[in-house]
Amino acid sequence: MGFDDGEPVFADKGHDHAQCKARAISGAEAICLSLDLRLTDLRRQVLEIIWSSHKPIGAYDILESLSAQRGRVAPPTVYRALDFLVSHGIVHRIETLNAFVGCREPGPDHDGQFLICSDCGVAAELNDPQMMAAVVRSIRHAGFQPVRQTIEVSGLCPECLEQSRGE
Ligand SMILES: [Zn+2]
Ligand SMILES: [Zn+2]
Ligand SMILES: [Zn+2]
């Protein structure tokens with residue numbers, strides 16, 4: 001369960017986030033290179049803004065940060081960059097929050113399972129093909145044809161859980 005990089009599902013507060021960000025961006029570069037796509041300056045900037053934390057960020061906040069960096073940016077420009085990043089599995093869209101979060105192991109064809117903390121707002125991605133297979137099996141059993149199958153679970157992350165217990 002989880003990714004094979006040995007990292008915990010939820011990074012602890014003191015972790016070196018610059019490293020998360022650098023790893024994600026080099027992963028995105030590798031994907032673009034292998035697919036002969038361009039990670040333009042704009043796409044990279046959007047990706048960096050999304051990776052400023054593990055909290056999903058909405059398109060409007062991305063637009064604001066980007067405009068602070070480059071001067072006024074038109075919303076469709078941001079939406080196009082987001083479409084690009086989402087369609088290549090570099091960024092995930094969290095439907096329940098209408099927000100975007102970076103993928104820690106970017107790549108095509110993976111369905112995310114997201115654990116979203118309702119207290120601090122952090123989202124962590126699981127990569128559990130067995131869970132997905134079980135879900136799809138029961139869905140098909142109902143005679144339903146799934147198209148997009150992202151699982152989003154809200155709750156408390158380990159740190160917020162610990163804090164709520166300590167109170
Ligand atoms: Zn991090
Ligand atoms: Zn992912
Ligand atoms: Zn939390």
Side-chain angles (χ1 to χ4, degrees), residues 1-35 37 39 43-59 61-62 65-66 78-136 139 146-167:
M1 234 175 290
F3 288 102
D4 297 330
D5 56 10
E7 303 282 325
V9 174
F10 282 92
D12 59 59
K13 275 206 180 75
H15 79 286
D16 181 3
H17 185 65
Q19 212 183 8
C20 299
K21 196 167 165 174
R23 194 172 50 195
I25 289 165
S26 58
E29 279 167 347
I31 284 174
C32 290
L33 201 66
S34 71
L35 299 175
L37 299 166
L39 189 64
R43 289 167 176 170
R44 177 192 295 265
Q45 272 176 317
V46 169
L47 184 60
E48 282 174 357
I49 291 166
I50 292 170
W51 268 103
S52 56
S53 80
H54 291 276
K55 296 176 190 172
I57 179 172
D61 291 328
I62 297 171
S65 279
L66 196 64
V78 174
Y79 285 113
R80 274 196 301 271
L82 285 169
D83 278 349
F84 173 87
L85 296 170
V86 169
S87 65
H88 297 291
I90 296 168
V91 156
H92 294 291
R93 184 189 162 89
I94 306 288
E95 299 285 334
T96 49
L97 301 174
N98 194 15
F100 299 86
V101 73
C103 178
R104 57 193 269 205
E105 266 181 28
D109 288 342
H110 69 287
D111 299 305
Q113 302 113 45
F114 296 93
L115 310 180
I116 305 155
C117 181
S118 51
D119 198 345
C120 69
V122 154
E125 183 176 352
L126 287 178
N127 184 12
D128 184 348
Q130 278 180 349
M131 189 211 292
M132 252 11 231
V135 168
V136 169
I139 290 174
V147 176
R148 206 185 61 88
Q149 44 224 15
T150 305
I151 295 178
E152 300 177 8
V153 180
S154 64
L156 289 178
C157 75
E159 286 194 28
C160 292
L161 181 63
E162 199 171 315
Q163 238 168 34
S164 74
R165 280 180 176 152
E167 268 163 17

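One-based numbering, in listed order, for ligands and for the atoms of each. No experiment lies behind these values; they were computed from the predicted model shown.
In terms of modelled atom types and a separation under 3.5 Å, the side chain of E159 and the main chain of D12 share no donor-acceptor contact. Using modelled atom types, no side-chain atom of S65 and backbone atom of I49 make a donor-acceptor pair closer than 3.5 Å. A side-chain donor-acceptor contact under 3.5 Å links E152 to the backbone of E95.
Rounded to 10°, the angle that SG of C20 and ND1 of H17 form at the Zn ion (ligand 1) is 120°. The Zn ion (ligand 2) is the vertex of the angle joining OE1 of E125 and NE2 of H92, which measures 90° to the nearest 10°. Take the Zn ion (ligand 3) as the corner point: the lines to SG of C120 and to SG of C157 open at 110°, to the nearest 10 degrees. Here the angle centred on the Zn ion (ligand 3), running from SG of C117 over to SG of C160, is 110°, rounded to 10°.
Aromatic ring pairs are classed by plane angle as parallel below 30°, tilted from 30° to 60° and perpendicular above 60°; the pair H54 and H15 is tilted.
Results of the side-chain contact (heavy atoms from CB on, under 4.5 Å) test with F100 over I94, V46, V86, L47 single out V86 as the only residue that passes.
For H54, the N, O or S atom closest to the Zn ion (ligand 1) goes by the atom name NE2.
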